[in-house]
Amino acid sequence: MNQMHQLNRNGVVIDDTFAEAFGMRATAIIITAPTLKWARQAAITMTGYATSVIGCGCEAAIDRDLPASKTPDGRPGCRVMIFAMGTDELQKQLKNRLGQCVLTSPGSACFADLEGTAPLDLGNALRYFGDGWQISKKFGGKHYWRVPVMDGEFLCEATTGLTKLAVGGGNLLFLAADNAKAMRAAERAVAAIEKVPGAIMPFPGGVVRSGSKVGGKYKGMMASTNDAFAPTLRGVVNSALTPEVNAVLEIVIDGENNDAVAAAMRAGLKAVIELGPKRGAVRISAGNYGGKLGKFHYHLKDLLP
């Protein structure tokens, strides 16, 4: 096992290491519908298959649910965030997901929710579906498109903002005695991070079991299994695991900016430390690339409660 300095909080061991994250492009939209159920359905469908830019082209998830009093059209909604490595890919993913998953969802409408350095097309990209019957409207200094559909019309703001201050790849690793305790720790962290505005966790339910390292033995593999944290490989690789650890789960965090990622990691750490090692993780670590690839470094010791 690799040796590193460790800290201790409430009986949970904290590795003196850091999460290494990258600059990304991002945007945010609000999806509304007659009920929260249908707003969430559109948002969940739109953010499906968006766990990692390695294979999905983007990373996306619901940031938070919004009551009717907090949305532009006075209906319940969801704030969705979507991240990509470049502007062109972000625009492509936004257009395709909006057109296939939100335009198609009963009663949906879509609005911008980020003021950025440049515009990204929303309604401007989808208006042609109206086949010439679409209507352009300006109201309160904003531009909207009304596209006729079979249940009425799809109202969509023309553009939303792009931010170049987004960060992707903040992460926490929870090491536990068994799968049940690792999951309990991860779920506790997810619940805490969900309360942090401007941060999302793109993997299923916020949790990923298939942590990865860069490259691999096989040609063309951008990433492969993180063998140092795989319990079944403990005896045949340079393992990072001690004998009492039999399960590891990871949370990956993307944020609207550097502060959002730090706040999310701080919230996750606090929640799992308070849970304690008997019910959750015996140890918390983070993944990095030696500080050589990502511009943003989140040292666990600086985020401890």
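Predicted model, so just to flag it, every value in this text is computed and none were measured. In this chain, residues are counted from 1 in sequence order.
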Colleague: Minimum heavy-atom separation for K195 to P197, with atom names?
Modeller: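 So the two residues come closest at O-CD, 3.4 Å.
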Colleague: Kindly say whether G161 contributes a backbone atom to a donor-acceptor pair with the side chain of T27 at under 3.5 angstrom?
Modeller: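 Yes, the answer is positive, given that a donor and an acceptor are paired below the 3.5 Å cut-off.
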Colleague: With rounding to the nearest 0.5 angstrom, report the CG to CZ distance, L249 to R184.
Modeller: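 That separation rounds to 12.5 Å.
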Colleague: What are the two closest heavy atoms between C78 and I62, and how far apart are they?
Modeller: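 Shortest heavy-atom separation between C78 and I62 comes out as CB-CG2, 4.3 Å.
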Colleague: Between E153 (side chain only) and R146 (backbone N and O only), is there a donor and an acceptor less than 3.5 Å apart?
Modeller: no
Colleague: Are any side-chain N or O atoms of R234 and backbone N or O atoms of V245, one a donor and one an acceptor, separated by less than 3.5 Å?
Modeller: yes
Colleague: Could you list the residues that satisfy side chain to side chain contact (heavy atoms under 4.5 Å, CB included) with E187, not counting sequence neighbours?
Modeller: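 With sequence neighbours excluded, E187 shows a side chain to side chain contact (heavy atoms under 4.5 Å, CB included) to M183, given in chain and number order.
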Colleague: Please determine whether residues L90 and M85 belong to a single hydrophobic cluster, defined as Ile, Leu, Val, Met, Phe, Trp and Tyr linked transitively by side-chain heavy-atom distances below 4.5 Å.
Modeller: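 The answer is no; the residues belong to distinct hydrophobic clusters.
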Colleague: What residue pairs, at least two apart or across chains, pass salt bridge (charged side-chain N to carboxylate O under 4.0 Å, His left out) with a residue in residues 42-58?
Modeller: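 Pairs touching residues 42-58 that pass the test: none.
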Colleague: Apart from V208 itself, which Ile, Leu, Val, Met, Phe, Trp or Tyr residues share its cluster (side-chain heavy atoms under 4.5 Å, direct or through members)?
Modeller: F203, V252
Colleague: Could you tell me which residues satisfy salt bridge (Lys or Arg N to Asp or Glu O under 4.0 Å) with E244, sequence neighbours excluded, listed by chain and number?
Modeller: none
Colleague: What pairs of residues pass the salt bridge (charged side-chain N to carboxylate O under 4.0 Å, His left out) test when at least one of them lies in residues 285-298, not counting sequence neighbours?
Modeller: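 Listed by first then second residue: nothing to list.
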Colleague: What distance separates L172 CG from I284 CD1, expressed to the nearest 0.5 Å?
Modeller: 7.0 Å
Colleague: Is R188 reaching over with its side chain to a backbone N or O of A185, donor-acceptor style, under 3.5 angstrom?
Modeller: no
Colleague: What residues, two or more places apart in sequence or in another chain, satisfy salt bridge (Lys or Arg N to Asp or Glu O under 4.0 Å) together with D178?
Modeller: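 Salt bridge (Lys or Arg N to Asp or Glu O under 4.0 Å) check on D178 returns nothing, list empty.
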Colleague: Hey, what do you get for CD (E250) to CG (L175), rounding to the nearest 0.5 Å?
Modeller: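 The distance works out to 10.5 Å.
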Colleague: Going by the salt bridge (charged side-chain N to carboxylate O under 4.0 Å, His left out) test, which pairs reach into residues 260-274, not counting sequence neighbours?
Modeller: K270-E274
Colleague: In Å, rounded to the nearest 0.5 Å, how long is the span from OH of Y144 to CG of D73?
Modeller: 9.0 Å
Colleague: Do I200 and I193 land in one hydrophobic cluster if side-chain heavy atoms of ILVMFWY residues count as linked below 4.5 Å?
Modeller: no
Colleague: Would you say CZ of R64 has more than 12 non-hydrogen atoms from neighbouring residues, nucleotides or ligands within 6.0 angstrom?
Modeller: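 More than 12 within 6.0 Å, yes.
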Colleague: Give me each pair satisfying salt bridge (charged side-chain N to carboxylate O under 4.0 Å, His left out) with a member in residues 101-117, each pair once, sequence neighbours excluded.
Modeller: R79-D113
Colleague: So, the side chain of Q91 versus the backbone of E89: is there a donor-acceptor pair under 3.5 Å, distance only?
Modeller: no
Colleague: Which atom pairs, one a donor and one an acceptor, fall under 3.5 Å between side chains of residues 220-231 and the rest of the protein, sequence neighbours left out?
Modeller:
residue, atom, partner, partner atom, Å
S224, OG, K213, NZ, 3.0
S224, OG, G215, O, 2.6
D227, OD2, K213, NZ, 2.9

Colleague: Can you get from M24 to L162 by hopping between Ile, Leu, Val, Met, Phe, Trp and Tyr side chains that sit under 4.5 Å apart?
Modeller: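 Hydrophobic grouping puts M24 apart from L162.
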Colleague: Check the side chains of N288 and T17 for a donor-acceptor pair under 3.5 angstrom, ignoring hydrogens and angles.
Modeller: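 There is such a pair between these side chains.
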Colleague: Taking the side chain from E20 and the backbone from G294, do they hold a donor-acceptor pair closer than 3.5 Å?
Modeller: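 A pair under 3.5 Å: yes.
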Colleague: Mark yes or no for whether R9, through its side chain, and L269, through its backbone, hold a donor-acceptor pair below 3.5 Å.
Modeller: no
Colleague: Which residues pass the salt bridge (Lys or Arg N to Asp or Glu O under 4.0 Å) test with D121, not counting sequence neighbours?
Modeller: none
Colleague: With T160, which of L94, I30, L98 fulfils side-chain contact (heavy atoms from CB on, under 4.5 Å)?
Modeller: L94
Colleague: Describe, in one word, how the ring planes of H143 and W145 are oriented to each other, choosing from parallel (under 30°), tilted (30 to 60°) and perpendicular (over 60°).
Modeller: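 Aromatic pair H143/W145 classed tilted.
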Colleague: For the pair N257 (side chain) and L165 (backbone), establish whether a donor and an acceptor sit closer than 3.5 Å, ignoring hydrogens and angles.
Modeller: no
Colleague: Please find the pair of heavy atoms, one from R97 and one from A50, that lie closest to each other, and give the distance.
Modeller: NH1-CB, 3.6 Å
Colleague: Just checking D88: does its CG atom have more than 12 heavy atoms from other residues, nucleotides or ligands closer to it than 6.0 angstrom?
Modeller: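 Check fails, neighbour count at 12 or below.
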Colleague: I'd like to know if L300 and V190 are part of one continuous hydrophobic network [Ile/Leu/Val/Met/Phe/Trp/Tyr, side-chain heavy atoms within less than 4.5 Å].
Modeller: yes
Colleague: Would you say T45 and Q41 are linked by a side-chain donor-acceptor pair, where the criterion is simply a distance under 3.5 Å?
Modeller: yes
Colleague: Quiz question: by atom type and distance under 3.5 Å, do the side chains of N171 and Y298 form a donor-acceptor pair?
Modeller: no
Colleague: About how many Å separate NE2 of H297 and CG of D302, when rounded to the nearest 0.5 Å?
Modeller: 13.0 Å
Colleague: Going by the rule salt bridge (Lys or Arg N to Asp or Glu O under 4.0 Å), which residues pair with D254 if we only count those two or more places apart in sequence or in a different chain?
Modeller: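 Partners of D254 under the salt bridge (Lys or Arg N to Asp or Glu O under 4.0 Å) test: none.
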Colleague: Hey, does the side chain of E59 reach the backbone of F83 with a donor-acceptor pair shorter than 3.5 angstrom?
Modeller: no
Colleague: With clusters built from Ile, Leu, Val, Met, Phe, Trp and Tyr whose side-chain heavy atoms come within less than 4.5 Å, directly or transitively, what are the remaining members of the cluster of L293, listed by chain and number?
Modeller: F22, V214, Y289
Colleague: Under 4.5 Å between side-chain heavy atoms, hopping through other hydrophobics if needed: is there a path connecting V147 to L120?
Modeller: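 As far as the 4.5 Å side-chain criterion goes, L120 and V147 are connected within one cluster.
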Colleague: So, does K181 use its side chain to make a donor-acceptor pair with the main chain of K278 at under 3.5 Å?
Modeller: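 Side chain of K181 to backbone of K278: a pair is present.
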Colleague: To the nearest 0.5 Å, tell me how far C156 SG sits from L103 CG.
Modeller: 8.5 Å
